[in-house]
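Right, one structure below, let's go through it.
Here the structure is a predicted model, which is why all the values come from computation and not from measurement. So that the names make sense, note that chain A is the first sequence line, chain B the second, and so on, each numbered from 1.
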Amino acid sequence: MFPCKYRTAGFKGYAVKFSPFTDRLLASAASANFGLIGNGRLSILATTTTNTNNSRTQSNTNNSPLTILPQQHYDTQDGLFDLSWNELHENQLISASGDGSIQLWDITLKTHPVAKWKEHKREVMSVEWNYTAKTAFLSSSWDGSVKLWNPVHAQGSVQTFSEHTGCVYTAAWSPRHQDQFASCGEDKSIRLWSTNAPQGRSIASFGGHTDQVVSLDWNKYSPDMFVTSSTDRTIKIWDTRNLRGSVTMFGPFEFPVRRVKFCPFSPHFIATAGYDMSASVWDVRNGSVTFVHDAHTEFVFGIDWSYFHPGQIASCGWDEQIHVFNAPLPQ
Amino acid sequence: MASFRLTQVASHLNGTKAPRTQIGVQSPDDIVIVQALRTPITRARKGGFKDTTSEYLLGTILRGLLERTRIDPTLVDDICVGNVCPPGGGATTARMAALYAGFPNTTSVQTVNRQCSSGLQAVVHIAHAIQAGMIDVGIGAGVESMTQFYGPQNKLIPDTISDEVMEAPQAADCIIPMGLTSENVSAEFGIPRPKQDAFAALSHQRAARAQKLGHFNEEIYPVRTKIADKDGKETEIIVDRDDGVRPEATAESLGKLRAAFSADGATTAGNASQVSDGAAAVLLMKRSRAKELGLPIQGKFVASAVAGVPPRIMGVGPAYAVPAVLKKTGLTVAQLDIIELNEAFASQAVYCVETLGLDINKVNPKGGAIAFGHPLGCTGARQISTLLTELKRQDRRVGCTTMCIGGGFGMAAIFESEH
């Protein structure tokens, strides 16, 4: 399928996420000047299918060419590095900003966020809504902390988890245990946490990467397995039951992978976005690359799988491009 | 602010590169050992293989490897054989042995000579060829019939060496008999004779115990061969154990032997490695290939290193090669679970154990070359089979094989068991 594109002109893409409610919406978080300085932009995009008669159809199917049209966008004071859709309210999503703030947006509103939380002392690197319990979300920051939030909790964050030293690049919820999440960071470590643990102490710590760990995601079908990517230019597969270290390693490659995501439709595949300017799909059983999307002309920082169309992927990068394409998922 | 963010992005691109092979981590590109196997080792001229030729030994162990692994021989791209003494470097007989073992003529064969480390160097050459993508599947092997090719009638060093070359610094040291290099180590580093004899006795005790308890069963492939009595009458025998082991050897009994290489020396026939015959072979490929072929994985090749040392004290080799290979892997001596340190001479073995600070309980737990022999080209490959089976038996993970090398070198390699 011809990769469908949209250009977030003037803003370099950092994250792209499909809506969990409809296959017709996706959003991207992007920043001016490569995210170094300047504004951020949250873009809400609608996808439609045009069949050969050029008329709009009800739902998107894998074989029809997709069009991406801008629906809405919001500009922020500082750059945006991540976003996550609200799992309870289809019109809401949150964004992670470089000034340490998190915004909650309602896409039926034209300009301002519905809520804004400024607690983190440095850039917020990731946000993720809990997709099992659905009431809470996490943020991870360069200030070394991970925070738990609940939008109905007016005073601010519910809990702060501060054991990492340095930037915490990603915090990701466990797909099985709704109180558990893992985080990874600049300190080369990975930590497993529970929101039920006393005094907010981590449950376990995993080491093995020889440089910063920049991305982490859980296998949705084998919930003891998670994957990480690191600036030591490897991808490692871990088992939470094996504290000695990673189970498998792919690489080292020439360029690090910046974001890694397990497929929602299969236990075997991950999508990666990297400094080699490609978005790829890997089979974790043998470390082979099953699909490469190399149409980006700059670092690819954002990647997400569609929850409705197996194999459909959205990617975004510093070339201001958002691409939606299909990757085969062989058995 | 902006400068911090810029530095962060730059740090992603300048990041340190992870080592390709990591202990405890499996990677599809790891070079793995499907099986390491050896023949028994017998005393040259007197033992079970005294009437067996080196190509028969090599062909038999290659055949044994095919039998045990059940790999399709046509899949093997190259066989590298370490051997030291045979004419022509054993290249032609090695090729013939491979054909005898059942490999097609499309399987290439080569030989290598780095003296006592030849068997290990052969395995390392194959590992590197697989890593570089030159081949897919290979066998590193080693063989030596010291009965056939080692002795006063066999010339390993030519009669006439250029005077000019001989006058180069340390060149003359290269033709010092090995026993004298052992005396040099004894004297220069002060390793007293009783200590050497005690070490030699320990080797025999450990080997005898291992034999009795069947700890060598997994690594040995029995060999059917012929032996001739003093009248020339041939009988067929099966050789299935190392025949050099002397369970009754003690430090005292060994203390009675006369010095063999110099009048007031410390090196005797009892505290030096035995002159022996034997062969060993190791099947290697990438982990991804082993998985594809459905083959079990005995262990993983992690790293190797070679170090040059003064030829006149060649025995110190491991004291330099082991730190070199540890540096490559980021491991420490304490993290090695078992060390197979070739016992060329008790003098150099003791020196290396002490200098490296090795725990003697971790060194040669099944005994070594003093007890069961050192068929020169075979040893480097043999050590791998001894090491991996013992790591499995003790349920440990990380092992090191190392040896000193005539001419002045040491070589060492790190393996990880995947039992």
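- The minimum heavy-atom distance between Thr16(B) and Asp211(A), with the atom names listed, is N-OD2, 3.0 Å.
- Interatomic distance, CE of Met125(A) versus CD of Gln8(B), reported as 4.5 Å (0.5 Å rounding).
- Atom-to-atom distance recorded for Gln22(B):CD and Asp232(A):CG is 7.0 Å, nearest 0.5 angstrom.
- For the pair Leu13(B) and Arg233(A), the tightest heavy-atom approach, listed with the atom from each and the gap, is O-NH2, 3.9 Å.
- No more than 12 heavy-atom neighbours from other residues, nucleotides or ligands sit within 6.0 angstrom of CZ on Arg244(A).
- When heavy atoms are compared at a cutoff of 4.5 Å, Thr234(A) approaches chain B solely by way of its side chain, counted from C-beta outward.
- Atom CD of Gln77(A) is surrounded by 12 or fewer heavy atoms from other residues, nucleotides or ligands within 6.0 Å.
- When all heavy atoms are compared, the tightest approach of Pro252(A) to Arg20(B) is CD-CA, 3.6 Å.
- Although no hydrogens or angles enter the test, the distance criterion places a donor-acceptor pair under 3.5 Å between the side chain of Arg5(B) and the main chain of Gly98(A).
- In this structure, the side chain of Thr210(A) does not engage the main chain of Pro19(B) through any donor-acceptor pair within 3.5 Å.
- For chain B, no part of Glu186(A) is nearby; none of its heavy atoms comes within less than 4.5 Å.
- If you measure heavy-atom distances from Asp276(A) to chain B, you find no contacts under 4.5 Å at all.
- Residues Arg122(A) and Phe4(B) meet the side-chain proximity criterion, which asks for heavy atoms closer than 4.5 Å.
- Heavy-atom pairs under 4.5 Å with chain B peak, among Trp142(A), Phe34(A), Phe250(A), Phe255(A), at Trp142(A).
- The CG atom of Leu36(A) lies 5.5 Å from the CG atom of Leu6(B); values are rounded to the nearest 0.5 Å.
- When the shell of 6.0 Å around NZ of Lys121(A) is examined, it contains 12 or fewer heavy atoms from other residues, nucleotides or ligands.
- Summarising the local packing, CD1 of Ile37(A) is surrounded by 12 or fewer heavy atoms from other residues, nucleotides or ligands at distances under 6.0 Å.
- Proximity of a side-chain donor or acceptor of Ser27(B) to a complementary backbone N or O of Met249(A) within less than 3.5 Å is detected.
- Close placement of the His12(B) and Tyr169(A) rings is indicated, their centers lying within 6.0 Å of each other.
- Contact annotation for Ser288(B): neither backbone nor side-chain heavy atoms come within less than 4.5 Å of a heavy atom of chain A.
- Smallest separation of non-hydrogen atoms from Asn286(A) and Pro28(B): O-CG, 3.3 Å.
- The 12-atom threshold is not exceeded at OH of Tyr320(B), counting heavy atoms of other residues, nucleotides or ligands nearer than 6.0 Å.
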